[in-house]
Structure formats: C-alpha cells, structure tokens
Amino acid sequence: MHEIIVELKSLSKVYDETVALDGIDLYIRKNEFLTLLGPSGCGKTTTLRLIGGFEQPSGGTILFEGRDVTGVPPYKRRVNTVFQRYALFSHLDVFENIAFGLRIKKFSEKVIKEKVGRMLEQVNLAGFESRDVNSLSGGQQQRVAIARALVNEPEVLLLDEPLAALDLKLRKEMQHELKSMQKQLGITFVFVTHDQEEALSMSDTVVVMKDGRIQQIGTPVDIYNEPKNAFVADFIGESNIVDGIMRQDYLVDFAGSSFDCVDFGFAKDEEVEVVIRPEDLVLIPADNARLSGVVSSVNFLGVHYEMIVDADDGTSWLVHSTLMEPVGTRVGLGLEPMDIHIMKKVRP
Amino acid sequence: MKRSTLFPYLIWMVLFIVVPMFLVLYYAFTVPTESGATWSLENFARFFEPIYLKVLWRSLRLALFSTVICLIIGYPAAMVMAGNAFERKSVVLLLFVVPMWMNFLLRTYAWLTILERNGVINVLLANLNLPSLNILYTEGAVVLGMVYNFLPFMVLPIYSVLSKIDRGVVEAAGDLGANSLQVFAKVIFPLSLPGVVSGVTMVFMPALTTFVISRLLGGGQFTLIGNLIEQQFLVVGDWGFGSSISVVMIVLILLSMAIMSFFEGEEKDVALW
Ligand SMILES: Nc1ncnc2c1ncn2[C@@H]1O[C@H](COP(=O)(O)OP(=O)(O)OP(=O)(O)O)[C@@H](O)[C@H]1O
Ligand SMILES: [Mg+2]
C-alpha cells in the first residue's frame, strides 16, 4: 500500500508569461485516491497534463516507479486520462469508444467483447453498446469516458474534474461509483477538483494547491482539522479568520479579549491569524461572554442555521448552529481552546 | 422566415431556376416538326453513339483524376493550415484564396503564357539547355488547369472541418495508446470525412462540366461534355441535343451527390455549402 508509483520532483511549468507550476514535490502511492484541490488557475490541470505526458515540464522530473519518464509520449505511458470535457470520439458508438484502446493494442475480437462488456456493466451502461455517443446524457457520456480509460487497466488513472458538469444528485452518485470502482480495481486515482467537499469525501490524500504551489498534503481529516495556513483553512470549508496577537504560549488575543488556546511556539506578541470553524462557535447568553455581539442575519440551511454575529469590536462571525436566535438579538459566542487554530500570518 | 420576405426569393427561383429547367427538359424530350414539336427520345438515343460516349468517358476520367489530385494536394495543405502554427496559417490561407479574387478566365489565360511553346517554362528550359516540353494542348494541361482552378474548393471545406476537431479528442486517442499515424487513421481522418466529401463534390462537379479550361488549355482537341453542350447551343444550334446532354449531366450529378451523401453519413451540418 505504501509503494510509491509516481513521484514529482521540483516540477515546474512556465507558459510564455505565466508560471503555472512553481516547483512542486509530490509522491503518489500505489492504489491511493489522491486529489488535487485548489481554486481555478492554480495548476491542477497542468499537473495532470504533465503526468499524462501531454506537456513537457519546464523544470524538474517525473518518475514512474522510479524511472524518469520525462520525454516519454502519452501513448507509451501506462496512464490513462478522463478529460475535463470527456473528448469522446463522436464518429464511433459507445462500444467502439470503449474498445478504442484495446483495438490499438491488438486484442482479439473475443477479448475485446468480453472486456468492453464487463466495463459497460461496471459503469451501468449495459445495453448502450450501439448508441451514438452524441445522444447520451452528460452523466452517461461521463461514464463512457471513464470506461474508455479504465478498460485499459492503467496503473494510474488521471481524472480532470470529471464530475464538474453533472448536477448535484448525479454527482453524488458518481462520487460513490468512482470511489468503489477505485477500491475494487485497485488502481491509483489522481483526481482533480475545485470542490472541497468532493475532495474530502473521496480521497485518501488531498493536495491543496494555490498559484502553482502545494500548500498542504494530508489526509482529509488532517487537512480539515489542522490546516497549515489561513488559505487552506479558508479554502477547506468555511472559516472565520481574524487577526490576533499571540501573547504567550497558549494565550491569544483577538476580538478585544484574551483566549486560552492549545498553540505554542510563536514569538511573544507575534501577529497571527486566528481561524475558527463556524460550527465550533456555540450560542451562549451574552452576559459574561468574552465574545459577544448582535445577530445580523439568519439563514436556514436544512440541517442547521447559518447566522452572522457582528461582534462589539467590529469583527463578524459566521456561526452554524441547530439553535436559532432572531436578528437583532444580543448573543454571546462560546468556544473551546482546542477549536481556536492559530496560523502564521501569510497575508499582510 | 415570414412568407412575405420569402417572396422575392421564390420569384427569383422560379424565374431563373425552375423555368429554365423546364425549358431544358422540354427541348430534351421533343424534336421539332413542321407544325411545332413532338415528344421523342431521339435526342437521348443520339447521345449513346460511341463518339459521344467517348466524350462522356473522357470527361468523367479527367474530372475524377483532377479530383484525386486536388485531394492529394489539398488534404495535407488543409492539415498544415489547421495545425498549430498560427502565423503561417493565415499566409497559407491567403495563398489559396488570393487567386480566387482574380477572374477565372484570366487565371486560365495566364497558364497559356506559362505553358506555351515559347512560354515561361520553355524559355527557362532553353536557358538551361534542356529540350523544350509540349505541355500545352495535352490532357495534362487540362488536368493542370482544373486542379489549379478548383483546388481551393477542396482545401477550404477540409480545412474548416479539421480546424473544428477538438484537440482533446486527438489527445484522448494518444492517451489510449495510438501513435500519431494511428491517431490520424482512426480519429482525424474519419472525423474529417464530411469535409472531404464536400470538397470532392465541389471539385468534381465543376471539373465534370467545365468547357473553358478544356478549350483554352486543351486547344479544342479534348472535347469534354461541357464543350459538347456549348457547341450544340452556340455553334450547331441543336438545342434539343444540347438539352438532352444537359439532362444526362444533371442525372449524373444527382447520382454522384447521392453516393456522396451516403459516405457523408449523418454529419451534414459541417459541410461548407
Ligand atoms: N496552454 C497554456 N498556455 C498558456 N497558459 C496556460 C496554458 N495552460 C494553462 N495556462 C495557465 O497556467 C495556469 C494554471 O492553469 P491550469 O489549467 O493548470 O489551472 P487549473 O488549476 O486546472 O484551473 P481550473 O480549475 O480553472 O481548471 C493558469 O494561469 C493558466 O492560465
Ligand atoms: Mg483545469
């Protein structure tokens, strides 16, 4: 399980003017579901295209099971790709689309029938063999694209925002299907998305990127609970991020009060960013509360209410709670020391 | 479109397409008598005399030959233009389009001065002490004229289809293990077929019916169907026979279009016309 299959070493890519990738280092383990997560333009697609061999790196190397594959063309890599916009062959039917790679590899007709048949079953498209791909729905086209790649039994499957074009319900379904296929087939998935929920729910490892650099690599739980910097915290789920001052180990000042926390190792009076998840803030009576303010908006989101509390010092706090206080009410906000995350300041 | 806006076009079509077509049909299926005309297939019977069948055969042969050469030259040209080198693309496109701004007759006359016994080519050859060539007034010259004049009609539709092919599809084929030759054979060429069909049609038809090229560059020795029709109307004055040949041509063209549309399959929307 821990064998490394792909390794990126200080990989960079520069297009004329833009630096798309700024020296990233990354291990991809065999059989893992690794997700590249980040805002638009952060270099996710570029990373995939470099692994797939569609672009040549400007610097650094890509190792495949320890061998340098820089310069090896895509058709010689044991990697297959599910493209962002499917890129199905419109002149071929569903069967022939999926059989494409097998025909190139000169499998016998019998083997092709068998493999394609099994694949169609796997992606719930049995009976669609002779359908024109243009007549399929988005979700079905998506599944043909996945089947077309998977039928070649690649070592690594690259998926570039494969679910982005699907509606929410279909997307959830496909997330499950993809995850279970990955487990069942034991193929390494490198999955690109800018949807943090998707990343957290599907991955073994999440790689958060920004501006061509890796911000953090870790398990979904790690990334969520221990974001390394304010960007990651902000990008992964909603967060309250305010300026604070680290008075001493385990004591931080923000919003006009001092709070106990679990962080240490900062310089005395270092300026920091304080990150608090909205669900970690608890509504308490305003009297005696160290943090208090007035509810300025309430939104019912199904499972919980989303409220904004304008604190007395001018900061605003996003609060998720199953309890509701109407707009205009004075409330206190309670929080535990371990829910206060202190980040080194990266933004001025 | 509303009926009222359609009206001028309808009039145009009736006046200049439907009426002449009926006239042609009328002349083709009648022979003049003292009291007017009677229905007859005589005009068609004449067409099947060996001398005229030979003309038909030559027309088909030369038109087909020119079309194939246009395809062989035109497809790679279209591929270069649809490729990634953006600066070169517009230059090449211009190279194909600029000659079309010039009058068709002028363009063909220009070839006369190039191919003549004392034309540009032979002067050059003489200067190099090489024997002169008799190119003008050969079948080769006629084919050359057709290829030169009709090549843009092959290149443009193929170019337009090729440039619309999604690069992702090409990458997908590479991703699935196809080398560049296989990518071409299994993806690019099949996807470009509608353009090829439309190019072939647009070259084959005018090549089949031209009479100017064969008269100027063939020196009247290589009578084509077009020449035959022209002669019947303008020289011999036998409108009946001229019309019957025209009808045969129309049938032939409809037939070849039917065959073409069979190859074209479903994707009709990409064609240039
Ligand atoms: N072919 C190219 N030529 C020039 N610049 C490019 C090219 N491809 C990508 N870039 C630039 O490189 C940067 C990274 O792009 P990339 O496509 O990898 O982003 P991404 O993370 O996949 O974004 P998205 O979520 O929008 O797909 C962007 O600034 C982009 O404009
Ligand atoms: Mg992308």
Side-chain angles (χ1 to χ4, degrees), chain A residues 16 45 48-55 72-93 96-107 112 116 119 132-135 141 144-154 156-162, chain B residues 71 75 78-79 82-89 157-200 259-272:
Chain A
D16 309 326
T45 298
L48 271 204
R49 292 177 62 81
L50 286 168
I51 299 174
F54 300 111
E55 305 278 359
V72 175
Y75 70 92
K76 285 186 182 159
R77 300 190 182 197
R78 279 146 79 203
V79 172
N80 282 112
T81 309
V82 177
F83 291 85
Q84 198 160 0
R85 280 170 302 125
Y86 312 161
L88 297 179
F89 304 123
S90 58
H91 61 297
L92 301 174
D93 61 16
E96 287 304 324
N97 261 277
I98 299 175
F100 192 92
L102 301 175
R103 291 211 188 282
I104 297 281
K105 291 182 196 84
K106 303 239 168 9
F107 279 96
I112 291 178
V116 175
M119 210 62 236
D132 181 356
V133 289
N134 306 304
S135 74
Q141 292 190 5
V144 174
I146 292 168
R148 182 179 69 175
L150 273 182
V151 79
N152 301 290
E153 295 162 20
V156 178
L157 186 68
L158 309 175
L159 304 103
D160 194 355
E161 308 207 25
Chain B
L71 185 60
Y75 200 101
M79 274 187 78
N84 286 329
F86 288 102
E87 307 95 87
R88 264 184 297 154
K89 179 183 297 191
I158 297 178
Y159 163 72
S160 113
V161 173
L162 281 179
S163 61
K164 273 185 222 133
I165 293 180
D166 178 12
R167 262 198 57 147
V169 177
V170 176
E171 286 185 350
D175 182 73
L176 294 167
N179 60 33
S180 34
L181 213 72
Q182 289 167 315
V183 172
F184 177 77
K186 286 177 170 266
V187 177
I188 297 178
F189 188 70
L191 284 175
S192 71
L193 264 187
V196 171
V197 167
S198 132
V200 164
I259 295 171
M260 282 303 179
S261 70
F262 173 77
F263 277 115
E264 200 168 11
E266 295 114 74
E267 283 179 84
K268 290 194 183 82
D269 48 0
V270 243
L272 202 72

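A, B, ... follow the sequence lines: proteins, then strands. Residue 1 opens every chain.
At a 4.5 Å heavy-atom cutoff, the contact between Gln182(B) and chain A is made by side-chain atoms alone. If you measure heavy-atom distances from Val79(A) to chain B, the contacts under 4.5 Å come from the backbone alone. Both the backbone and the side chain of Arg148(A) come within less than 4.5 Å of a heavy atom of chain B. Contact of Leu88(A) with chain B is made through the backbone alone, with heavy-atom distances under 4.5 Å. Using a 4.5 Å cut-off between heavy atoms, Arg78(A) does not touch chain B at all. For Asp166(B), the part lying under 4.5 angstrom from a heavy atom of chain A is the side chain only.
Nearest heavy-atom pair, Ala87(A) versus Ala172(B), reported as atom, atom and distance to 0.1 Å: O-CB, 3.8 Å.
By number of non-hydrogen pairs under 4.5 angstrom with chain A, the leading residue of Asn179(B), Asp175(B), Val187(B), Val169(B) is Asp175(B).
Within a 6.0 Å radius of NZ in Lys105(A), other residues, nucleotides and ligands contribute more than 12 heavy atoms.
Between the side chain of His91(A) and the main chain of Lys186(B), a donor-acceptor pair closer than 3.5 Å is present.
The one candidate from Ile104(A), Asn80(A), Asn97(A) that meets the side chain to side chain contact (heavy atoms under 4.5 Å, CB included) condition with Leu176(B) is Asn80(A).
Side-chain contact between Tyr75(A) and Val183(B) is absent, with no heavy-atom pair separated by less than 4.5 Å.
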